[in-house]
Peer 1: 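Here it is: the structure, laid out below.
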Amino acid sequence: MKVNWPERLWINSPVRAWVQRREIAFFERMRPLPSGSFCLEIGCGSGKVVELVQHTFHPRRVDGMDIDPLMIELAKKRFRRKAQGQSFFFVADAQHLPYPEACMDAVFNFGIIHHLEDWEKGIGEVARVLVGGGLFYFEEIYPPLYANFLFRRLVAHPTDNRFYGEQFRAGLSASGLRLMPGFKESRFGILGVAQKDSA
């Protein structure tokens, strides 16, 4: 589901950009990605993380998709003067990724899975498009952070089939994604890398 205006303010704020820079650096320390890789960010917003991925991991190409056409237009404007062919932005639903199987070396997710009505399907789609040994870099939050008395009226999220840490980790495993050592988790969320089982 699309984010509402308070969440759109947050995801486009300087504070959010600072947090994502730190998280990308954590990902790079935890599990570097070979340069020349093919990458995808689900829920790319205005393209800030795509830019960070380019500068940190030096992929051959990193695509960005978002369900909100307005965000995709902002991302296209951000990259209009950058090198052509290194990024492609498009509108799509993370529950139905328009890619063939085993075509991505890495998928990045910054708090999108918990927005999906069928989050297990979203994780399954991530696993489907990853090559064997491919990496899923993720930041996810749990209901105590977004569904508490303070935020539940401000931000829009699915109200059914929410997940906590145990369910999220089980969802990764059920889709053939192995959570790698070194992840960070609290009652509010998780930051880590999972690797797709090799065939």
Side-chain angles (χ1 to χ4, degrees), residues 20 22-45 47 49-67 86-142 158 161-186 189-199:
Q20 288 173 324
R22 290 175 59 87
E23 291 175 342
I24 285 284
F26 171 78
F27 291 154
E28 200 273 334
R29 290 192 306 272
M30 187 174 174
R31 188 67 180 213
L33 186 65
S35 60
S37 298
F38 287 91
C39 304
L40 169 68
E41 184 194 2
I42 59 172
C44 68
V49 169
V50 168
E51 206 165 31
L52 287 172
V53 170
Q54 285 182 338
H55 293 151
T56 304
F57 293 101
H58 309 290
R60 182 179 305 176
R61 177 168 158 164
V62 52
D63 291 348
M65 55 132 300
D66 201 289
I67 201 167
Q86 291 183 349
S87 296
F88 176 66
F89 295 96
F90 60 98
V91 176
D93 185 341
Q95 297 164 116
H96 308 280
L97 296 177
Y99 287 97
E101 293 184 9
C103 64
M104 290 289 166
D105 298 299
V107 175
F108 291 82
N109 162 60
F110 284 85
I112 297 303
I113 297 294
H114 75 278
H115 275 282
L116 305 179
E117 289 84 358
D118 187 346
W119 63 269
E120 294 103 328
K121 185 168 186 181
I123 290 177
E125 280 291 275
V126 168
R128 183 183 66 80
V129 302
L130 282 172
V131 300
L135 300 171
F136 180 36
Y137 297 91
F138 59 85
E139 170 223 65
E140 265 309 324
I141 61 174
Y142 300 149
N161 195 26
R162 291 173 169 168
F163 59 80
Y164 292 80
E166 184 178 354
Q167 293 87 14
F168 182 74
R169 294 190 306 274
L172 292 174
S173 181
S175 293
L177 296 169
R178 179 172 46 88
L179 184 59
M180 308 197 72
F183 66 91
K184 297 179 179 179
E185 187 174 33
S186 73
I190 186 169
L191 181 69
V193 183
Q195 186 169 38
K196 182 176 178 179
D197 295 336
S198 296

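Throughout, residue positions are numbered sequentially from 1 according to the sequence presented. Small disclaimer: the values here were computed from a predicted structure and weren't measured.
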Peer 1: Measure from the side-chain N and O atoms of R169 to the backbone N and O of G165, and report whether any donor-acceptor pair falls under 3.5 Å.
Peer 2: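 Present.
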
Peer 1: Mind checking whether H114 and W119 have side chains closer than 4.5 Å, heavy atoms only?
Peer 2: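 No, every pair of side-chain atoms sits at 4.5 Å or beyond.
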
Peer 1: For N109, does its backbone N or O pair with a side-chain atom of E41 as donor and acceptor, under 3.5 Å?
Peer 2: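 Checked: no pair found.
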
Peer 1: Check for a donor-acceptor pair, side chain of S37 on one end and backbone N or O of P34 on the other, with a separation under 3.5 Å.
Peer 2: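 Indeed, once roles are kept as given, a pair shorter than 3.5 Å links the two residues.
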
Peer 1: Do E23 and L191 have side chains that approach each other closer than 4.5 Å (heavy atoms only, starting at C-beta)?
Peer 2: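 SC-SC contact between E23 and L191 confirmed.
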
Peer 1: Which heavy-atom pair separates I141 from F163 by the least distance, and what is that distance?
Peer 2: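 Of all heavy-atom pairs spanning I141 and F163, the closest is O-CE1, 3.9 Å.
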
Peer 1: In this structure, is the centre-to-centre distance between the rings of F108 and F110 below 6.0 Å?
Peer 2: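 Aromatic pair excluded; centres sit 6.0 Å or further apart.
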
Peer 1: Any heavy-atom pair between the side chains of D66 and I42 that's under 4.5 Å?
Peer 2: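 SC-SC contact between I42 and D66 ruled out.
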
Peer 1: Are the side chain of K196 and the backbone N or O of A127 linked by a donor-acceptor pair below 3.5 Å?
Peer 2: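 Confirmed, K196 side chain pairs with A127 backbone.
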
Peer 1: Roughly how far, to the nearest 0.5 Å, is NE2 of H58 from CD of Q54?
Peer 2: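 Atom-to-atom, Q54:CD and H58:NE2 are 10.5 Å apart.
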
Peer 1: Apply side-chain hydrogen bond (donor to acceptor under 3.5 Å, both in side chains) to the pair E120 and N161, showing each step before the final yes or no.
Peer 2: CA-CA 9 Å; E120 294 103 328; N161 195 26; 2.9 Å; yes

Peer 1: Drop me the distance from C39's SG to L135's CG, to the nearest 0.5 angstrom.
Peer 2: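 Output value for this atom pair is 9.0 Å.
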
Peer 1: Do you see a donor-acceptor pair shorter than 3.5 Å between the side chains of R61 and Q86?
Peer 2: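 Q86 and R61 do not have a side-chain donor-acceptor pair below 3.5 Å.
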
Peer 1: In Å, rounded to the nearest 0.5 Å, how long is the span from CD1 of I24 to CD of E51?
Peer 2: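 Between atom CD1 of I24 and atom CD of E51 there are 11.5 Å.
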
Peer 1: Rounded at 0.5 Å granularity, tell me how far CD1 in I112 sits from CE in M65.
Peer 2: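 Going from CD1 on I112 over to CE on M65, the span is 8.0 Å.
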
Peer 1: Please identify which of these residues, L97, V62, D105, V53, meets the side-chain contact (heavy atoms from CB on, under 4.5 Å) condition with L40.
Peer 2: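 The passing option is L97.
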
Peer 1: To the nearest 0.5 Å, what is the distance between OH (Y164) and CD1 (I190)?
Peer 2: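 Y164 atom OH to I190 atom CD1 measures 15.5 Å (nearest 0.5 Å).
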
Peer 1: Can you find a pair of side-chain heavy atoms, one from R31 and one from M180, that are under 4.5 Å apart?
Peer 2: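 Contact flag for R31/M180 side chains = yes.
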
Peer 1: Please report the C-alpha distance between F168 and F138 in whole Å, then the side-chain angles of each, then the deciding distance to 0.1 Å, and finally whether the ring-ring contact (aromatic ring centres under 6.0 Å, His included) criterion is met.
Peer 2: CA-CA 11 Å; F168 182 74; F138 59 85; 5.3 Å; yes

Peer 1: List the atom of G133, the atom of S198, and the distance in Å for their closest heavy-atom pair.
Peer 2: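 In this case the closest contact between G133 and S198 is N-OG, 3.7 Å.
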
Peer 1: Centroid-to-centroid, F57 to Y137, below 6.0 Å?
Peer 2: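 Yes: the rings meet the under 6.0 Å criterion.
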
